[in-house]
Amino acid sequence: MNRLKLINSWSSLLTRLIMLSVLWWVLSVGDSSSWWIGLPAVLIASGVSMRLQPVQSVNWIALLRFIPFFVWQSLVGGFGVATRAMHPALPLTPDLVEYPVTLPNEFARVVFIYMISLIPGSLCVAMHRDTLSIHILDSHSNFLAELGILEQKISTIFCIPQQPLSAV
Amino acid sequence: MQNLYIILALFLLLNLLAGMWRILKGPAAADRMLASQLFGTTAVAILLLLAQIESLMALRDVALVFALLAAITAIAFVRRNWPQEPDDAG
Amino acid sequence: MEAVGLWQSAFDLMLGFSLFGLAWRMLFCADLFKSIVLFITFGLLMAIAWVRLEAPDVALAEATIGAGLTGALLMSAFAKLRTLDNSLKSGQPLLPRPRLHVINFWIALLFTVLLTGGLAYAVLSLPSHSPGLSDAVMSQLDSSGVTHPVTAVLLNFRGYDTLLEMAVLLLSIQSVWSMAGMSDAGEVHTSPVLNVLIQLLSPVLILVSAYLLWVGAHAPGGAFQAGSILGAAGVLLVLSGRPLFNLKKSWLIRLMLVAGPAAFIALATLTLINEGQLLKYPVANAANYILLLETLATVSIGTTLLALFVGSQTEAVQQDQSHQ
Amino acid sequence: MMLADILTIILLLGGAFFFLAGTIGLLRFPDVYTRLHALTKADNVGLGLIVTGLAIQAQSWAAAGKLILIWLLVLLAGAGVSYLIANGALARGVAFWKR
């Protein structure tokens, strides 16, 4: 068990080193002479990141698959909200709903909250023990099903085994 | 293309000025804070367009810094200093 | 390309007028919180104005300090004001509006007109096309150790200016400490949402700070910008309740505060002895000296800004705790 | 005119549309919570389209990456801040608007 943990944290450190190196490459716009400052900076940043953030395994393929879904949802949702805002009658039917969340760990839950808030039309307002209070602009829409799909995608990204819905 | 960039930048600036009404009007402190957050995003977009017009990479760094520090004022607001809301907010 | 110039003028006019309008509203606003938010917005537009004035260095400084840390500092200063005066609420004026006597009004107007006239005369009497000192800077740029003229001036040609600025920063934190004392700034409760935001942002802040330090050698950037980004990272960690080390007791923080000025003074002494002139680096090593100075200055500036933020909120934290 | 230019124009105009929608929402929506929706729209969709439009014109992959990075940072800030403000407003009893 301990050994698995060790492997996990080493691979997590390696992932962070790679990601932050890519970030440095982007920042310096590919200038290779920058690395003698970049390398120590990447090492320090990775160290701080490891200190602050617990180890989290990520399914990178699921994450890549998530991007088009997110972009599409944003565009469709954004267009819906934009037409509402511009409509003379301001057709809003906002409501506050409780959503039972099944994601087990805190990091995944917070990422879920971020995604809810980023997709136009829904906004997370509070986080309780096992439920989220979500403010939605249009209470006639099919928001519960959409939130369910979103949650499922996030649990796949964070390698969380699916739980049957009855666990709620 | 140059024309389009500067016209869009002007359009976004006008957008920002229209939104200023929300800062002046409020009513709640949260309203003012969220309006200034929205302005931060608008300013990032304006800076990126200006960077494209002048083809000056350094201006993207200004936008980058804005984006990076966008949250800090609002976090300080939420954590340190949320004035008493007027009773009839909303 | 005629039309582009026209649109640019329209943009500049709009920007200029809104800056005036904002400044006006900000100064004559009875509600202090509203003033603060207007000031933050003013900072945003000011950075854009610097861009239009082709001063990306100043724009970057305005973005790092004006849009980032100033907002946080003003928020905690406002929180402190409210603890001093509990009646101060949103929507209430801080001070009663002074009643102006008629004679006072005319005297004030006279001085304003005189000052404006003097300033206008000074500006108009300047030669309309003056290269300033930029030719002199450009001709000596090769010997400075960097390729960005602004950095060459700040760290080499007029390095003593920067040395004195570092001293001013050190003095500012000393005066804050001597007046307010230093708080632990221990955060009572943490919010998971805020924690994740800071977990993701902190490494990026560190990288961007290092990037601005590096890029300063050949483009806008440098120690002040890099330092304030580092300071912002510290402020975020304090706000999330997870400062990486104890800010009150640590000898480390004191060391970090003086590292920049100390290195500056040491190098100044060294060059005074060796070269016979304050901060006159040997050309061959100029780049290394500048980098060393800038790195230590970044650390000191960042720590100073963080300490200013922490030092300025002692009582707000106490009030927070007594409310819970 | 090149295809890339046409694509850029479409994306930029789309971005401007969402910024306009965000401002209109900020001005017209009835309470703090609904106005926060306007915030995420401009952040997420408007800036995203503008960034994509400019990234098409970028000289290198790294330069395009920097634009995307700016967008991601704004997204992160927008999402975090809108939760924190909404949560704070709820805790302080700022009223909901309901039809």
Side-chain angles (χ1 to χ4, degrees), chain B residues 1 4-5 7-9 11-12 14-23 25 27-31 33-35 37-42 44-49 51-52 55 57 60-61 63-75 77-79 82-90, chain D residues 1 5 8-9 12-13 15-16 19-20 22-27 30-33 35-36 38-44 46-47 49-51 53-54 57-59 63 66-67 69-89 91-97:
Chain B
M1 290 304 269
L4 178 72
Y5 295 144
I7 291 172
L8 279 184
F11 175 77
L12 291 179
L14 291 173
N15 243 320
L16 196 154
L17 293 178
M20 205 68 82
W21 186 79
R22 183 51 74 198
I23 288 192
K25 184 96 190 316
D31 288 304
M33 207 58 237
L34 78 91
Q37 188 74 22
L38 186 59
F39 294 169
T41 308
T42 316
V44 167
I46 293 175
L47 283 169
L48 289 178
L49 288 168
Q52 197 75 21
S55 54
M57 287 305 279
R60 289 201 181 144
D61 290 343
L64 175 78
V65 164
F66 265 138
L68 194 58
L69 300 181
I72 188 167
T73 307
I75 292 175
F77 163 72
V78 171
R79 298 294 276 186
W82 191 312
Q84 227 69 48
E85 296 293 354
D87 286 354
D88 191 17
Chain D
M1 196 174 270
D5 284 353
T8 299
I9 290 170
L12 290 184
L13 289 177
F19 268 99
L20 179 66
T23 306
I24 291 177
L26 180 72
L27 296 180
D31 66 359
V32 175
Y33 308 96
R35 281 176 213 136
L36 278 168
L39 175 70
T40 53
K41 204 157 35 272
D43 280 356
N44 178 0
L47 190 65
L49 291 175
I50 287 186
V51 154
L54 294 177
Q57 305 282 329
Q59 264 92 40
K66 202 181 231 181
L67 287 167
L69 172 67
I70 291 171
W71 180 52
L72 291 177
L73 286 172
V74 170
L75 283 193
L76 185 64
V81 165
S82 58
Y83 172 83
L84 290 172
I85 291 183
N87 191 36
R92 282 164 183 79
V94 175
F96 279 100
W97 180 88

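Lettering follows sequence order; numbering is per chain, from 1. In this text, all values refer to a predicted model and were calculated from it rather than measured experimentally.
With rounding to the nearest 0.5 Å, the separation of CD1 in D/I70 from OG1 in B/T41 is 12.5 Å. Interatomic distance, CG of D/L12 versus CG of B/L48, reported as 10.5 Å (0.5 Å rounding). Here CZ of B/F39 is found 12.5 Å from CG of B/L12. Values are rounded to the nearest 0.5 Å.
Among the candidates D/S82, D/G53, D/A58, D/A77, the residue making the largest number of heavy-atom pairs closer than 4.5 Å to chain B is D/A77. Contact tally against chain B (heavy-atom pairs below 4.5 Å) for D/L27, D/I50, D/L72: the top residue is D/L27. Between chain B and the residues D/L69, D/L67, D/L76, D/L75, the largest count of heavy-atom pairs under 4.5 Å involves D/L67. Options D/V81, D/V74, D/V51 differ in how many heavy-atom pairs under 4.5 Å they form with chain B, and the most are formed by D/V81. Highest contact tally toward chain D, considering only B/L49, B/I75, B/T42, is held by B/T42 [criterion: heavy-atom pairs under 4.5 Å].
In terms of heavy-atom proximity, D/A38 sits nearest to D/G22 at CB-O, 3.3 Å. Closest heavy-atom contact between D/G78 and D/D43: CA-OD2, 3.3 Å. In plain terms, the two heavy atoms of D/L47 and D/W71 that are nearest each other are C-CD1, 3.9 Å.
In this structure, the portions of B/L38 lying under 4.5 Å from any heavy atom of chain D include both its backbone and its side chain. With a threshold of 4.5 angstrom between heavy atoms, B/L64 approaches chain D through its backbone and through its side chain. Looking at D/T40, neither its backbone nor its side chain comes within 4.5 Å of chain B, counting heavy atoms on both sides. For chain B, the nearby parts of D/L39 are the backbone and the side chain; heavy atoms of each come within less than 4.5 Å. No part of B/F66 comes within reach of chain D, as not one of its non-hydrogen atoms sits under 4.5 angstrom from that chain. When heavy atoms are compared at a cutoff of 4.5 Å, B/Q37 approaches chain D by way of both its backbone and its side chain. Residue B/L34 touches chain D through both its backbone and its side chain, counting heavy-atom pairs closer than 4.5 Å.
B/R22 places no side-chain N or O within 3.5 Å of a backbone atom of B/A35 that could act as its donor or acceptor partner. At distances below 3.5 Å, at least one donor-acceptor pair connects side-chain atoms of D/R35 with backbone N or O atoms of D/P30.
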